[in-house]
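One structure is given here, and the rest of the page talks about it.
In this text the structure is predicted, and so the values were computed from the model without any measurement. Residue indices begin at 1 and follow the sequence shown. The figures that follow rest on heavy atoms only: side chains count, while hydrogens, waters and symmetry mates do not.
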Amino acid sequence: MSSSTPDTDTYLIETKPGTESYVDSTLEKYYGDLFTEVSIVPASASDGTPGTILIDSNYELPLDAIRRINDVERVVRVEHCISDVSGEELKAIESLCANAATSLPDGGSIELRVRIAREPDHAITASEIERACRRMIRDTVRDVTIGEKPADHELKVIRIDDWVGIAITDS
């Protein structure tokens with residue numbers, strides 16, 4: 001994923017397990033000419049995580065129409081991302097989480113989810129990313145509860161190779 005240019009947006013689409021290819025082909029059929037890059041992360045049967053499709057586009061995608069595609073569970077625009085976290089990985093991810101946390105309101109509850117789809121050999125673990133993000137959220141947002149279900153907001157951190165993105169959704 002690139003999203004390193006200001007005119008490019010990244011969208012995260014979660015699918016029911018095993019339907020990533022179907023959803024991708026449907027998206028490609030109707031909106032493929034709007035995509036600059038697509039990355040598919042298969043669902044994980046071991047932990048029940050949904051399939052994930054990340055799309056870079058120079059155009060605003062019709063999120064409501066995409067939500068109506070069979071087997072699509074969630075569609076959000078990724079507000080915060082880093083294209084290359086090699087080197088000072090944890091520091092870059094902490095900064096990304098702190099930046100994302102500034103868009104959250106004070107008070108309420110947040111469910112924090114971390115998913116590492118593909119990672120380089122030198123990568124930090126999901127639990128290290130989660131600890132760093134928890135610390136940054138607590139330092140940035142007042143009167144917040146992290147980990148409560150159902151939560152007011154979900155902050156989802158996803159890593160694919162050296163790309164890290166954060167999507168925030170309201171519950």
Side-chain angles (χ1 to χ4, degrees), residues 1-15 17 20 23-24 27-28 31-32 34-44 47-63 66-67 72-104 110-137 139-141 146-147 151-171:
M1 302 309 303
S2 61
S3 281
S4 56
T5 63
D7 296 334
T8 303
D9 290 325
T10 300
Y11 297 87
L12 176 130
I13 300 166
E14 291 182 333
T15 68
E20 304 86 12
V23 172
D24 178 53
L27 290 167
E28 191 67 38
Y31 309 110
L34 302 177
F35 303 162
T36 56
E37 188 173 349
V38 176
S39 183
I40 299 173
V41 181
S44 172
D47 64 5
T49 55
T52 302
I53 301 171
L54 291 166
I55 297 172
D56 280 352
S57 178
N58 293 330
Y59 302 93
E60 186 174 336
L61 298 181
L63 300 184
I66 293 171
R67 285 183 185 103
V72 168
E73 292 189 335
R74 175 179 296 161
V75 180
V76 293
R77 186 172 162 265
V78 176
E79 300 282 339
H80 310 276
C81 63
I82 305 173
S83 296
D84 183 12
V85 292
S86 58
E88 292 289 320
E89 292 179 61
L90 196 54
K91 191 173 236 29
I93 293 170
E94 285 177 343
S95 176
L96 186 67
C97 286
N99 189 29
T102 62
S103 65
L104 294 167
I110 298 170
E111 181 182 352
L112 175 63
R113 296 162 107 213
V114 177
R115 180 166 184 212
I116 298 179
R118 291 189 307 260
E119 60 184 313
D121 294 335
H122 63 281
I124 57 176
T125 66
S127 61
E128 290 173 307
I129 292 172
E130 184 174 342
R131 276 194 303 275
C133 285
R134 280 180 183 274
R135 186 174 54 251
M136 296 284 76
I137 292 168
D139 291 349
T140 307
V141 183
I146 302 171
D152 300 321
H153 307 281
E154 180 185 54
L155 192 138
K156 182 169 187 150
V157 181
I158 187 164
R159 179 180 188 147
I160 300 176
D161 301 320
D162 281 334
W163 181 90
V164 177
I166 296 179
I168 299 171
T169 57
D170 295 332
S171 297

* To do: List the atom of Pro17, the atom of Ala43, and the distance in Å for their closest heavy-atom pair.
  => CA-CB, 3.6 Å
* With no hydrogens and no angle check, is any side-chain donor or acceptor of Ser39 less than 3.5 Å from a backbone partner on Leu54? -> no
* To do: Only counting residues at least two apart or in another chain, list the ones meeting side-chain hydrogen bond (donor to acceptor under 3.5 Å, both in side chains) with Glu28.
  => none
* Contacts of type side chain to side chain contact (heavy atoms under 4.5 Å, CB included), residue Ser95, not counting sequence neighbours -> none
* Among all residues two or more places apart in sequence or in another chain, which pass the side chain to side chain contact (heavy atoms under 4.5 Å, CB included) test with Arg134? -> Leu112, Glu130, Arg138, Ile146
* Asked: Looking at Pro50 and Glu73, what are the two nearest heavy atoms and their distance?
  -> CB-OE1, 3.9 Å
* Contact summary for Val76 and Ala167, nearest pair of heavy atoms -> CG2-CB, 3.4 Å
* Tyr31: side chain to side chain contact (heavy atoms under 4.5 Å, CB included) partners, not counting sequence neighbours -> Leu27, Leu34, Phe35, Pro62, Ala65, Ile66
* Just jot down the salt bridge (Lys or Arg N to Asp or Glu O under 4.0 Å) partners of Arg113, sequence neighbours excluded, or say none. => Glu111, Glu154
* To do: Answer whether the closest heavy-atom distance between the side chains of Ile129 and Ile116 falls below 4.5 Å.
  => yes
* Separation between CZ of Arg131 and CD of Glu94, rounded to the nearest 0.5 Å -> 11.0 Å
* Structure fact -> Looking only at heavy atoms, the pair that brings Tyr59 and Tyr11 closest together is O-OH, 3.7 Å
* To do: Starting at CG of Leu12, measure out to CZ of Arg74 and round the result to the nearest 0.5 Å.
  => 8.0 Å
* Euclidean distance, His153 NE2 relative to Ile168 CD1, rounded to 0.5 Å -> 8.5 Å
* Spatial distance of atom SG (Cys133) from atom CG (Leu155) [nearest 0.5 Å] -> 6.5 Å
* Could you grab the distance from atom CD1 of Ile53 to atom CD1 of Ile55, nearest 0.5 Å is fine? => 6.0 Å
* Asked: At what distance, to the nearest 0.5 angstrom, does SG of Cys97 lie from CD1 of Ile166?
  -> 4.0 Å
* Is a side-chain N or O of Arg115 found less than 3.5 angstrom from the main chain of Lys156, in a donor-acceptor match? -> no
* Structure fact -> Contacts of Arg77 meeting side-chain hydrogen bond (donor to acceptor under 3.5 Å, both in side chains) (sequence neighbours excluded), chain-then-number -> Asp9, Glu79
* Taking C-beta and beyond as the side chain, do Glu37 and Thr8 meet within less than 4.5 Å on heavy atoms? -> no
* Under the side-chain hydrogen bond (donor to acceptor under 3.5 Å, both in side chains) test, residues paired with Glu20 that sit two or more places apart -> none
* **Heavy-atom closest contact (Val141 atom, Ala101 atom, distance)** => CG2-O, 3.3 Å
* **Those residues that, when tested against Ser127, pass side-chain hydrogen bond (donor to acceptor under 3.5 Å, both in side chains) (two or more places apart)** => Thr125
* Structure fact -> Closest non-hydrogen contact found for Gly165 with Val78 is CA-CG1, 4.0 Å
